[in-house]
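Report on one structure; see the data block that follows.
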Amino acid sequence: MKVHIFDTTLRDGEQVPGCKLNTREKVEIALRLEALGVDIIEAGFPISSPGDFQSVREISSVLRDVVVCGLSRAVLKDIETAAAALKTARRPRIHTGIGTSDFHIKSKFNSTREEILDRAVQCVRWARNFTDDVEFYAEDAGRTENEYLARVIEAVIRAGATVVNIPDTTGYCLPWQYGEKIAFLKNNVPNIDRAIISCHCHNDLGLATANSIAGIAAGARQIECTINGLGERAGNTSLEEVVMVIRQHHALGFSTGVDPKQLNPISQLVSETMRMPVQPNKAIVGANAFSHSSGIHQDGFLKDAQTYEIIAPEEVGADSSKIVLTARSGRSALAYRFRKLGHDFSRDEVDVLYEKFLAVADARREVRDEDLLKMVEEVYEVDRVYQHESSTQ
Ligand code: KIV
Ligand code: ZN
């Protein structure tokens, strides 16, 4: 079963302070996202600024295959502006919606559930005047009472929404709660089969990927995500993680159109363009995602990579796995690294070098190739001098 990948790097991802992109940068990333194989690109929030309007407009005119989406609030002017920015898109989608949790209804809108339900229906109707592809978001659905959420979702589908987005805006849900919410909608919204359910999870508790997977397991068919998990606060679901969970766990029965080989290159492009470094231990795209540094792991990895790697780095376009030498490394890693440097030492020779290695490693964070070559020189220079002296005595 195909899961649609809705990339929102250029909208939710770009909301991160310091990550703002200009139109040229946005177009470059959009073209790479299209080549990556995502199904929908949320290109921006056109009413938010003239620059963002222009970016959505240019992205709409250069992309050929993917759906191009523009965000709006449940406000007529927003929707008209999104429609204008998407005018040249071959496959335009308007993403409109409103907060449905009591926090939003009371504190943000000072309104009532009935009024919000009417506004939800109204915004979908407005959007349908411009395109047949309308996605409705129920902001803070994660904390919205399920019965009320089901009423809103039924009404917006009746009004013409083709995709219904169930955001866990504050990253609050536990995976089974989010899964149960999607299952509740599947079982209690009579017209749910006329729309695709979408997961939009934030990462405030580090659960965004788990929640999105729980969502598709319960019947959702679209995941909203960003490259490197960028997004408001602690970020959104990370695209590379959900794509690889789906690939690794065939038994779930899902697939995506994403080419995994492009994951690391696009991660680097986004990180550089948005000036947002990727944490080294980030799954799939972090600098240490394929590094092995402890002796036990290195020994197992060198015997059979699959003992400590569930994904081959080439599969996701990363550099080959790394054996990092630290004070926690063992003899087999040291011997392996010497072999790479052209020295095939015997066991006894490695034993001698290992003592020296530990002394250096305890003083440093990482032992590099030049340190190893220096050790070899020192050990063999001592040997040579010793042999020379004993032959002249
Ligand atoms: O997190 C959220 O609820 C959103 C909506 C605007 C879709 O980003
Ligand atoms: Zn969001």
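Values in this document were obtained by computation on a predicted structure and should not be read as measured data. FYI, the numbering just counts along the sequence from 1.
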(message) Check this for me: does any side-chain nitrogen of one of R337 and D369 sit under 4.0 Å from a carboxylate oxygen of the other?
(response) yes
(message) Within this structure, what is the CG-CD distance for the pair N236 and Q15, rounded to the nearest 0.5 Å?
(response) 8.0 Å
For residues 286-294, tabulate all N or O donor-acceptor pairs below 3.5 Å that involve a side-chain atom, not counting sequence neighbours.
from: H292; atom 1: NE2; to: E309; atom 2: OE2; distance (Å): 2.8
from: S294; atom 1: OG; to: H297; atom 2: N; distance (Å): 3.3

(message) Distance alone, cut at 3.5 Å: any donor-acceptor contact between the side chains of E114 and T112?
(response) no
(message) Using the rule side chain to side chain contact (heavy atoms under 4.5 Å, CB included), only one of V68, L10, V67 pairs with I41; which is it?
(response) L10
(message) How about CG on N110, more than 12 heavy atoms from neighbouring residues, nucleotides or ligands closer than 6.0 Å, or not?
(response) no
(request) Please examine the side chains of L325 and L334, heavy atoms only from C-beta on, and report whether any two atoms are closer than 4.5 Å. (result) yes
(request) Applying ring-ring contact (aromatic ring centres under 6.0 Å, His included), run through F338 and F345 and close with a yes or a no. (result) CA-CA 8 Å; F338 275 130; F345 290 124; 5.1 Å; yes
(message) Looking only at the side chains, is there a donor atom on one of S61 and E58 sitting less than 3.5 Å from an acceptor on the other?
(response) no
(request) For S60, enumerate each residue passing the side chain to side chain donor-acceptor pair (under 3.5 Å) test, keeping only those at least two apart in sequence or located in another chain. (result) none
(request) Determine, stepwise, if the pair D371 / R364 fulfils side-chain contact (heavy atoms from CB on, under 4.5 Å). (result) CA-CA 10 Å; D371 304 316; R364 298 224 173 136; 2.6 Å; yes
(message) Run the salt bridge (Lys or Arg N to Asp or Glu O under 4.0 Å) test against D132 and tell me which residues pass, sequence neighbours left out.
(response) R128
(message) Among residues at least two apart in sequence or on other chains, which ones pass salt bridge (Lys or Arg N to Asp or Glu O under 4.0 Å) with R194?
(response) none
(request) Cation-pi check, R113 to Y148: give yes when NZ or CZ is under 6.0 Å from the six-membered ring centre and within 45° of the ring axis, no otherwise. (result) yes
(message) Would you say that K2 contacts R221 through its side chain, given a criterion of any heavy-atom pair below 4.5 Å between the two side chains?
(response) no
(request) Test side-chain contact (heavy atoms from CB on, under 4.5 Å) on H200 and I166 and set out the steps. (result) CA-CA 6 Å; H200 179 112; I166 311 300; over 6 Å; no
(request) Just do the salt bridge (Lys or Arg N to Asp or Glu O under 4.0 Å) check on R64 and E34 with the steps written out, would you? (result) CA-CA 9 Å; R64 310 281 9 118; E34 183 172 49; over 6 Å; no
(message) For E154 and N191, which I'm curious about, is there any donor-acceptor pair between the side chains at under 3.5 Å?
(response) no
(request) Look at K261 together with E315 and state whether they make a salt bridge at an N to O cut-off of under 4.0 Å. (result) no
(request) Indicate whether any N or O donor in one side chain lies under 3.5 Å from an N or O acceptor in the other, for D140 and S101. (result) yes
(message) Would R119 pass as a cation-pi partner of F109, given that its NZ or CZ must be under 6.0 Å from the six-membered ring centre and within 45 degrees of the axis?
(response) yes
Considering only distance and modelled atom types, tabulate donor-acceptor pairs under 3.5 Å from the side chains of residues 209-217, sequence neighbours left out.
from: T209; atom 1: OG1; to: E241; atom 2: OE1; distance (Å): 2.7
from: N211; atom 1: ND2; to: C173; atom 2: O; distance (Å): 3.0
from: S212; atom 1: OG; to: A208; atom 2: O; distance (Å): 2.9
from: S212; atom 1: OG; to: T237; atom 2: OG1; distance (Å): 3.0

(message) Assess, by modelled atom type and distance only, whether the side chains of K181 and T144 contain a donor and an acceptor separated by less than 3.5 Å.
(response) no
(message) Regarding H4 and Q222, do their side chains bring together a donor and an acceptor under 3.5 Å, going by distance alone?
(response) no
(message) Which residues pass the side chain to side chain donor-acceptor pair (under 3.5 Å) test with R328, not counting sequence neighbours?
(response) none
(request) Report yes if some heavy atom in the side chain of S48 is under 4.5 Å from a heavy atom in the side chain of F53; otherwise report no. (result) no
(message) Here's a test for you: under side chain to side chain contact (heavy atoms under 4.5 Å, CB included), which of V38, T226, N228 qualifies with L239?
(response) V38
(message) Run the side-chain contact (heavy atoms from CB on, under 4.5 Å) test on D7 and I227 for me, step by step, so that the C-alpha distance in whole Å, both residues' side-chain angles and the decisive distance to 0.1 Å come before the verdict.
(response) CA-CA 8 Å; D7 181 277; I227 301 292; 3.9 Å; yes
(message) Between E232 and H202, do the side chains contain a donor N or O and an acceptor N or O under 3.5 Å apart?
(response) no
(message) For the aromatic rings, using the six-membered ring if either is Trp, is the centroid distance between Y137 and H95 under 6.0 Å?
(response) yes
(message) Run the side-chain contact (heavy atoms from CB on, under 4.5 Å) test on M375 and Y354 for me, step by step, so that the C-alpha distance in whole Å, both residues' side-chain angles and the decisive distance to 0.1 Å come before the verdict.
(response) CA-CA 10 Å; M375 271 174 230; Y354 189 64; over 6 Å; no
